[in-house]
Amino acid sequence: MEQASPLEIEHRGPVDWVTLNRPESGNALNAVLVGDLLAYFEGLREREQTRVVVLRARGRHFCAGLDLTDPSFNPQPRGPHAVWKVQRSIARIYQAMRACPQPIVALVQGAACGGGFSLALAADIRIAGESARMNAAYLAIGLTGCDMGSSYFLPRLVGSAVASELLLTARFIHAPRALATGLVSEVVPDAELSQAAGPYLEEMLRATPMGLRLTKEALNYAIDAPSLHAAMAMEDRHQSLLALSEDAAEAAQAFVEKRPPVFRDR
């Protein structure tokens, strides 16, 4: 019997629905799933027909973190080079998620721990099921709480006080508090997670393809911009570029004619 792929990718027109498919292990990240996630997200830059990505998981849990039973994550002999290689192979996933031009919507139910928490943090929009509970579990396995981008993502999403609490204690943040702190955009019953993504997808797909891509790019740079001047310099370049596009002319004409614009990414 052929073994199911740990990562299912369904292309629904301009939206990719990407599903973690190891429900029997809480969708924990084993070596195969790590490789598949990395290959998928690194490949998105060349996949312009994909405009938005939905990242979700099969079963009760979003992602229980690293699969510590996978021997690939316990290299022998256990020297600095071997451990560094494993660390970097996983860390590249989160960098690829931020570097890809497509917005990512994460649908989180059940546990999202450690590396699974960081999958949610690296997304652009997070929607939580009522059962969602997330934590930086690294402290519980004898490591620092700052791993897989957690020390970067969390303070920027919830502020340094809440981030410090979560990283220094490995406490879970449950769906209601995640909503109150702005970590997630909304909380819905678990069974309605896919349906809840619909309005976000529809609104993003109304934008021009290039406008959507450059919005994510500008946000990525602006979050670390040294000044208002630096952030607005990028905005000015993007807006001047897109103002010369055929899609911008079409949007203006459609406004005058009181009809929806038809964009062609030109």
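Start at 1 with the first residue, then count along the sequence.
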Among the clusters formed by ILVMFWY side chains lying less than 4.5 Å apart, do I141 and V86 turn up in the same one?
->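 Shared cluster, yes.
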L205 and W17: same hydrophobic cluster, using ILVMFWY side-chain contacts below 4.5 Å?
->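 Hydrophobic grouping puts L205 with W17.
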Is a donor on one side and an acceptor on the other found under 3.5 Å between the side chain of [X] and the backbone of [Y]?
{"X": "R51", "Y": "A207", "answer": "yes"}
{"X": "Q109", "Y": "A191", "answer": "no"}
{"X": "D190", "Y": "S131", "answer": "yes"}
{"X": "N21", "Y": "S5", "answer": "yes"}
{"X": "E186", "Y": "L179", "answer": "no"}
{"X": "D247", "Y": "D265", "answer": "yes"}

Minimum-distance pair of heavy atoms, taken over all atoms of [X] and [Y]:
{"X": "A175", "Y": "V187", "value": "O-CG2, 3.6 Å"}
{"X": "P23", "Y": "G59", "value": "CB-CA, 4.1 Å"}
{"X": "V108", "Y": "A120", "value": "CG2-CB, 3.9 Å"}
{"X": "C63", "Y": "A28", "value": "SG-CA, 4.4 Å"}
{"X": "S194", "Y": "L107", "value": "CA-CD1, 3.8 Å"}
{"X": "Y138", "Y": "S118", "value": "OH-OG, 3.3 Å"}

Exceeds 12 heavy-atom contacts within 6.0 angstrom, atom CZ of R171 |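 No - once you tally the heavy atoms of other residues, nucleotides and ligands closer than 6.0 Å, there are 12 at most.
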Enclosure of R47 CZ (heavy-atom neighbours >12, cutoff 6.0 Å) =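 Correct, the count exceeds 12.
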Is the closest side-chain heavy-atom distance between [X] and [Y] below 4.5 Å?
{"X": "D67", "Y": "L33", "answer": "no"}
{"X": "I125", "Y": "P103", "answer": "no"}
{"X": "L29", "Y": "L119", "answer": "yes"}
{"X": "R22", "Y": "E24", "answer": "yes"}
{"X": "M134", "Y": "R126", "answer": "no"}
{"X": "P71", "Y": "Q76", "answer": "no"}
{"X": "Q87", "Y": "M148", "answer": "yes"}
{"X": "K216", "Y": "N220", "answer": "yes"}

With the threshold set at 4.0 Å, does a side-chain nitrogen-carboxylate oxygen contact exist between R98 and D124?
->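 Yes, charged N to carboxylate O under 4.0 Å.
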Could you tell me whether R259 and E250 have a side-chain N and a carboxylate O separated by less than 4.0 Å?
->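 Between E250 and R259 there is a salt bridge, with a charged N closer than 4.0 Å to a carboxylate O.
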Test applied, side-chain contact (heavy atoms from CB on, under 4.5 Å); reference residue, V18; option that passes from D36, I104, V54, L55 |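 When D36, I104, V54, L55 are each tested with V18, the side-chain contact (heavy atoms from CB on, under 4.5 Å) holds only for L55.
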With I90, which of D147, L38, L66 fulfils side-chain contact (heavy atoms from CB on, under 4.5 Å)?
->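 Only match with I90 under side-chain contact (heavy atoms from CB on, under 4.5 Å): L66.
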How long is the gap from [atom1] on [X] to [atom2] on [Y], to the nearest 0.5 Å?
{"X": "S151", "Y": "R156", "atom1": "OG", "atom2": "CZ", "value": "8.5 Å"}
{"X": "H61", "Y": "N27", "atom1": "NE2", "atom2": "CG", "value": "9.0 Å"}
{"X": "Y152", "Y": "L121", "atom1": "OH", "atom2": "CG", "value": "12.5 Å"}
{"X": "T50", "Y": "Q102", "atom1": "OG1", "atom2": "CD", "value": "6.0 Å"}
{"X": "I9", "Y": "R12", "atom1": "CD1", "atom2": "CZ", "value": "13.5 Å"}
{"X": "R92", "Y": "L37", "atom1": "CZ", "atom2": "CG", "value": "12.5 Å"}

In sequence, state the C-alpha distance, the side-chain angles, and the governing distance for H11 and Q49, and then conclude on side chain to side chain contact (heavy atoms under 4.5 Å, CB included).
-> CA-CA 10 Å; H11 306 295; Q49 63 269 39; over 6 Å; no
Side chain to side chain donor-acceptor pair (under 3.5 Å) between E217 and H238, worked out = CA-CA 10 Å; E217 180 178 285; H238 283 174; 3.0 Å; yes
Remaining members of L241's ILVMFWY cluster at a side-chain heavy-atom cut-off under 4.5 Å?
->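 Under the 4.5 Å side-chain rule, L241 groups with M210, L214, L242.
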Apply the test side chain to side chain donor-acceptor pair (under 3.5 Å) to residues D70 and S72: give CA-CA distance (whole Å), side-chain angles for both, the deciding distance (0.1 Å), then the verdict.
-> CA-CA 5 Å; D70 190 325; S72 300; 3.1 Å; yes
Are a donor atom and an acceptor atom from the side chains of E235 and Q239 found within less than 3.5 Å of each other?
->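 No pair is found: no donor N or O on one side chain lies under 3.5 Å from an acceptor on the other.
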Do V158 and I173 pass the side chain to side chain contact (heavy atoms under 4.5 Å, CB included) test, and can you show the C-alpha distance, the side-chain angles, and the key distance before you say yes or no?
-> CA-CA 11 Å; V158 299; I173 183 168; 5.6 Å; no
